[in-house]
Amino acid sequence: MSQDNPIPQTDDLPTGIDLLHDPLLNQGTAFSEKARDKLGLRGLLPPKVFTQAEQAERVLENFNRKPNDLERYILMNALHERNTNLFYRVVTENLDKMMPIIYTPTVGEACQEYGHIFRQPRGLFITANDKGKIASILANWPTDNVRAIVVTDGERILGLGDLGINGMGIPVGKLSLYTACAGIAPSTTLPITLDVGTNTERYINDPLYLGLKQPRLRGEEYDELIEEFITAVQDRYPHTLIQFEDFANINAFRLLEKYRNRVCTFNDDVQGTASVTMSGVYSALRLTGGQLKDQKILFLGAGEAGIGIGDLIVSGMMEEGLTLEEARANCWFVDSRGLVVKSRDNLAHHKLAYAHDHPQMTDLLSAVEALKPTALIGVSGQPNTFTKEIVERMAEYNEKPMIFALSNPTSMAECTAEEAYTWSDGRAIFASGSPFDPVEYKGKTLVPGQGNNAYIFPGVGLGVIAIKSKHVTDEMFMAAAKSLAEQVSEDDLAMGRIYPPLQDIRKVSAIIATAVAEVAYKQGLATVPRPADLLGYIKSQMYDPAYEDLS
Ligand code: NAD
């Protein structure tokens, strides 16, 4: 356990049935003989004492027995509510298997079904009717030590749109990844949903929907609610990291700009995505041999992910000597109406910086042919948009074209790994948002990279929390991207893999956290004196799901 998650002195421990009902302390059948005597558990448990590893085996057996992923999600959620340490033991040791259940893609289905699979509340619900009362609601949260909040208003959940209060599965899932991937103590995490209504008819008409059945709050009233929320969080938990998650475009960019220099906050959809993609590009450059400043990047999709990635790539190009204008001139966007160019009217504010002087083109293939990009990045949520012809063109213009089909879930990817490899004669450097299996091509095994944000945000969060940074800066996301790319081994690269294996994520996150903390010290944002051994200090802060001896 880290020092931020102290185990209560045995005198303060609940005993008997209360202890078995406390998920942070419960060890179930693993309570030792001595603990059973001392803590009034005798007779409340079957006699055989199991190890945590044996308990984990039982969980996996049940997990495998479930008929579908949603049932597996429900099983794991119930375990979390019963025995949090065991949940994290199973998740951390089986990340490849567990991540698609506790997060995308299954979490999307779980959100859509939230009102129907609901068992027990987890996290805090603040509604549009709570204006003037948010501080008192926060006071109801049972612990004084909250270090990481993930908050959503449910308006743009994954690629699924406005899910209202059903979006709660996302802060819950993201915070589970903070713990599993970076060892942020579960007792210090707080998922929050701001229920400001929903405009989705299906939920308004669903008798089991758990949220407010009213149109979404907009304008001044919405902004006032967010302001009150941020102020209340600052008052109760001054150094807490607040991660905005799955807000719609109209609010995401605005709120990020408004709060980023006031509190410790970031938006993972914008900045986390940018960082993990930037890292993939840096790794890919180790394979192509070029420099970032010489790349021409074409994006399909100009939303939170696309613009966020573009902005970070621009910063990277500027580090290599380009001016802002020169760097932006290397980044091009195609959105639902075609190439983003100056002559287009009614362009959304966030696209203006990338509206270049160029004839209008309405389709991606024409844009590829006109611009001859070195990298194609898909963040459009539109499947099958990287066609055979487009990938072939990319392979014609580049020895090793970067083809990143990042849209989630798998069914939404712009192309599959197999398509990218086959159509480029095995030369594409491929990354996706959702996992694809390795592909055998002409006797070689090619391993697609998964540009999963979970490589970045847990490590960034750990770094920021460990040294109590006042803010989260773009420089930290750049440092995280570089640190992640440096952790890709030559062996990984030889297989075409541009991210380290997910199973190493805790080690990877600790190193990213250290790089992020270094930036905080450089920028004067850290409020904890610099430890001599920063990496050692950060590791010492990481939660370990092994049971403490409570006897
Ligand atoms: P968004 O809604 O903010 O943006 C979507 C963009 O795609 C908009 O600019 C829209 O105009 C454009 N678009 C829609 N239809 C199009 C079409 N037919 N042709 C071209 N452009 C089109 O969403 P976002 O947050 O930017 O996410 C976009 C996608 O990226 C999602 O599928 C999401 O799953 C994925 N994503 C992946 C990662 C990752 O892999 N790590 C991270 C974040 C988002």
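What you see is a predicted model; the values in this text were computed from it and never measured. Whatever order the structure lists ligands and atoms in, that order sets their numbers, starting from 1. Numbers here are sequence positions counted from 1.
Counted by atom type alone, Gln271 and Ser275 present zero donor-acceptor pairs between their side chains at under 3.5 Å. Looking only at atom types and distance, the side chain of Tyr178 has a donor-acceptor partner in the side chain of Gln243 under 3.5 Å away.
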With a 3.5 Å cut-off and sequence neighbours excluded, list the donor-acceptor pairs that the side chains of residues 396-403 form with protein atoms.
from, atom 1, to, atom 2, distance (Å)
Asn398, ND2, Pro373, O, 3.0
Asn398, ND2, Met394, O, 3.0

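One finds the CD1 atom of Ile390 at 4.0 Å from the CG atom of Leu364 (value rounded to the nearest 0.5 Å).
A ring-centre distance under 6.0 Å is found for His80 and Tyr88. Between Phe266 and Phe477, the ring center distance clears the sub-6.0 Å criterion.
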What are the atom names and distances for all N or O pairs under 3.5 Å between ligand 1 and the protein?
from, atom 1, to, atom 2, distance (Å)
ligand 1, 3 (O), Asn249, OD1, 2.9
ligand 1, 3 (O), Asn249, ND2, 3.2
ligand 1, 3 (O), Glu304, N, 2.9
ligand 1, 9 (O), Ala302, N, 2.8
ligand 1, 9 (O), Ala302, O, 3.4
ligand 1, 9 (O), Gly303, N, 3.2
ligand 1, 15 (N), Gln382, NE2, 3.3
ligand 1, 21 (N), Ser336, N, 3.3
ligand 1, 25 (O), Arg156, NH1, 2.3
ligand 1, 26 (O), Glu304, N, 3.2
ligand 1, 26 (O), Ala305, N, 2.8
ligand 1, 32 (O), Ser407, OG, 3.3
ligand 1, 32 (O), Asn408, N, 3.3
ligand 1, 34 (O), Asn408, N, 3.0
ligand 1, 34 (O), Asn408, ND2, 3.4
ligand 1, 40 (O), Leu406, O, 3.3
ligand 1, 40 (O), Gly451, O, 3.3
ligand 1, 41 (N), Gly451, O, 2.6
ligand 1, 41 (N), Asn453, OD1, 2.5

